[in-house]
Structure formats: structure tokens, C-alpha cells
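As C-alpha cells, the structure follows; a few thoughts come after it.
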Amino acid sequence: MPYWLMKSEPDEFSVTDLEKRETGRWDGVRNYQARNHLRAMQPDDLFLFYHSSCPIPGVAGIGRIVRGAYPDPTATDPQSPYFDPKTAGSGRNPWSAVDVAHVETFAQVLPLTALKAEPALAELALVQRGSRLSVMPVGEREWAQILRMARSSQAI
DNA sequence: GCCAACGTTGGC
DNA sequence: GCCAACGTTGGC
């Protein structure tokens, strides 16, 4: 089963927000590469919930896909901050959303700095120079490594 | 707030 | 189809 990582600004939508609501819709992705990853997701796939553009960027918890990709309604909703006029005018919606459920909130965020410092994670797309991709696959070995790191940082 | 890196747009 | 200009992402 594939694993994923998805970025969100915690001011907008954090792992604790997801925890409170239990489920949510992951929408607003407006990059084709990221969208293609969304479309590859299947129910029960797990993902790392990454907090970006915040005091401590890093992996904050785990979520699970509960519904595979479907047309992103925010693209055609003029009230949405993710409204895409081009999509709305075209009658065809190229953007995708998935539904997600909360699995776990880490006691502490596993910071990006720790991920970058770990040689076993050198291949991770997240730590590549200049990577801005907001939805990306995570290899099984990397997944296991990141969970180990998250667990051990909680034990401190 | 700065800036590097990247994606997108639009003139030609 | 090229490529400069612009906008966005996201760490620092």
C-alpha cells in the first residue's frame, strides 16, 4: 500500500483541526503534479500530515484516505478562496480532492530539520532542494523511518 | 520580510 | 515553441 505526505498550513487546516472533526476534505490543490498524486490515492492509504509555513514546519501526525479523488468543488465555488475562474468558465474541472480521516496526532511535531538531518531520508521528495510539491509519495522504508523518529522524539 | 526555486502566463 | 516576466511556495 502506498504512503503519502500532504502539506497544509496549520493556520488554515491543522492535524488537530482534523482530529476534532474526525474527517475532512483535502481540497484546494492547484498543481498538476500534486493533483496526479491525489488521483493515485486509494481508500485506506495513509499519509503524513505536514505543517508548512509555521514556526516549526514538520510532520504533525497521520491521516487516512477515506474517499479517493473526485472533482474539487472549491474550484467552481466563487465563495471559496481556492476558486479557479478558468475552471468555472470552462465547464470542465481538472482539479481533484480526496476525503481524509484523522489517525494520530503526534505529541510533538517532528521537525523538518530532523528529517533533513537523517541520512536515511535523503531520497525523500520533501527534503529535496527547492521542492514545493504539496502532495507527494513516501516510500515504505521512509515511512517506517519517519514513524520511528516521531515515536522516539515523543519519548523524550 | 527576504529570497531561492519553481510553475504559469503571454508576447513574439 | 521559446523565454522573460510574474506569481506562488515555503524555509529561514
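Chain letters run A, B, ... following the sequence lines, proteins first and then strands; every chain starts at 1. Worth knowing before you read on, the calculation uses all heavy atoms, side chains too, and leaves out hydrogens, waters and symmetry mates.
- Here the P atom of nucleotide B:dG7 and the CZ atom of A:Arg35 are 15 Å apart, to the nearest Å.
- Relative to the side chain of A:Pro57, the nucleotides C:dG11, B:dT8, C:dT9 differ in distance, and C:dG11 lies closest.
- Between A:Lys116 and the phosphate of C:dG11, there is no side-chain N or O to OP1/OP2 separation shorter than 4.0 Å.
- In this structure, the CE atom of A:Met6 is 18 Å from the C1' atom of C:dG10, given to the nearest Å.
- The two atoms that bring A:Leu133 and A:Ala34 nearest to each other are CD1-N, 3.7 Å, heavy atoms only.
- OP1 or OP2 of C:dG11 has at least one side-chain nitrogen or oxygen of A:Tyr50 nearer than 4.0 Å.
- Panel note: side chain A:Asp17, backbone A:Ser14; a donor-acceptor pair is recorded below 3.5 Å.
- The aromatic rings of A:Trp26 and A:Phe47 lie perpendicular to each other, with more than 60° between the two planes, well past the 30° mark.
- Counting only distance, with no hydrogens or angles, the side chain of A:Glu22 and the backbone of A:Leu18 share no donor-acceptor pair below 3.5 Å.
- In this structure, the OH atom of A:Tyr82 is 13 Å from the C1' atom of C:dT8, given to the nearest Å.
- In this structure, CZ of A:Arg30 is placed 16 Å from C1' of C:dG7, rounded to the nearest angstrom.
- Note: CD (A:Gln33) to C1' (B:dA5) measures 14 Å, nearest angstrom.
- Across the protein-nucleic acid pair, A:Asp84 atom CG and C:dT8 atom C1' stand 14 Å apart, rounded to whole Å.
- Between A:Lys7 atom NZ and B:dC6 atom P the separation is 12 Å, expressed in whole Å.
- One finds a side-chain N or O of A:Arg129 lying less than 4.0 angstrom from the OP1 or OP2 phosphate oxygen of B:dA5.
- Among B:dC6, C:dG10, B:dT8, the nucleotide with an atom closest to any side-chain atom of A:Tyr32 is B:dT8.
- Taking atom CG on A:Asp11 and atom P on C:dG10, their separation rounds to 14 Å, with Å as the unit.
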